[in-house]
Participant: 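Structure incoming, see below.
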Amino acid sequence: CDYACRYCYIQDWYPFVPPTPSELSGNEALLSLLYNPHWVPSRDFIILGDVCDPFHPNLVNRTMEYIEAVACLGSPVQFSTKS
């Protein structure tokens, strides 16, 4: 992404490619969590930003969609961000 963090390993594979939102909608992300037998709602964290800043201008709308979709689970949400 355009933050170009020195420690970013993604740039080794895709140098300076703008981040694009995941193809999964908020509801699809919610279902993927619920269908995962190893993930427990209200106990396990939902982590956003493990590859790119979830509040990057290209991603913020999808991030907010995910937050709204998973709010019903009562799980803690963790963000890794430069914003």
Side-chain angles (χ1 to χ4, degrees):
C1 73
D2 39 350
Y3 293 151
C5 301
R6 294 183 139 207
Y7 55 82
C8 182
Y9 61 91
I10 299 298
Q11 292 183 38
D12 293 340
W13 300 324
Y14 308 104
F16 304 107
V17 173
T20 55
S22 169
E23 294 180 9
L24 290 179
S25 70
N27 286 334
E28 290 169 328
L30 172 63
L31 286 174
S32 73
L33 290 171
L34 293 174
Y35 281 118
N36 182 341
H38 305 289
W39 187 83
V40 179
S42 77
R43 182 196 75 185
D44 294 342
F45 278 74
I46 297 169
I47 301 171
L48 300 172
D50 59 322
V51 174
C52 188
D53 190 322
F55 297 108
H56 185 281
N58 294 1
L59 305 177
V60 70
N61 290 338
R62 185 54 52 95
T63 298
M64 297 310 295
E65 181 182 344
Y66 287 170
I67 293 168
E68 291 171 11
V70 302
C72 62
L73 299 173
S75 293
V77 180
Q78 175 180 317
F79 303 100
S80 297
T81 181
K82 289 289 224 180
S83 298

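Positions are given from 1 along the sequence. Note that these values count all heavy atoms, side chains included, but never hydrogens, waters or copies made by symmetry. Because the structure is a prediction, the values reported are computed rather than measured.
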Participant: Yes or no on side-chain contact (heavy atoms from CB on, under 4.5 Å) for Leu73 and Leu30, after CA distance, side-chain angles and deciding distance?
Facilitator: CA-CA 9 Å; Leu73 299 173; Leu30 172 63; 3.6 Å; yes
Participant: Which donor-acceptor pairs under 3.5 Å do side chains of residues 35-44 form with protein atoms, sequence neighbours excluded?
Facilitator:
from: Asn36; atom 1: OD1; to: His38; atom 2: N; distance (Å): 2.8
from: Trp39; atom 1: NE1; to: Phe45; atom 2: O; distance (Å): 3.4
from: Asp44; atom 1: OD2; to: Val40; atom 2: N; distance (Å): 2.7

Participant: Hydrophobic clusters here meaning ILVMFWY residues chained together by side-chain heavy-atom distances under 4.5 Å, can you tell me if Leu34 and Leu48 are in one?
Facilitator: yes
Participant: Please output the side-chain donor-acceptor pairs of residues 59-67 that fall under 3.5 Å, not counting sequence neighbours, one pair per line with the distance.
Facilitator:
from: Arg62; atom 1: NE; to: Glu65; atom 2: OE1; distance (Å): 3.0
from: Arg62; atom 1: NH1; to: Ser22; atom 2: O; distance (Å): 2.4
from: Arg62; atom 1: NH1; to: Leu24; atom 2: O; distance (Å): 2.8
from: Thr63; atom 1: OG1; to: Pro54; atom 2: O; distance (Å): 2.5
from: Thr63; atom 1: OG1; to: Leu59; atom 2: O; distance (Å): 3.1
from: Glu65; atom 1: OE2; to: Gly26; atom 2: N; distance (Å): 2.7
from: Tyr66; atom 1: OH; to: Ser22; atom 2: OG; distance (Å): 3.3
from: Tyr66; atom 1: OH; to: Leu24; atom 2: O; distance (Å): 2.7

Participant: Tell me whether Asn58 contacts the main-chain N or O of Pro19 through its side chain, where contact means a donor paired with an acceptor under 3.5 Å.
Facilitator: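 Pair found, side chain donor or acceptor close to backbone of Pro19.
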Participant: Starting at CG of Asn27, measure out to CD of Glu68 and round the result to the nearest 0.5 Å.
Facilitator: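 That separation rounds to 10.5 Å.
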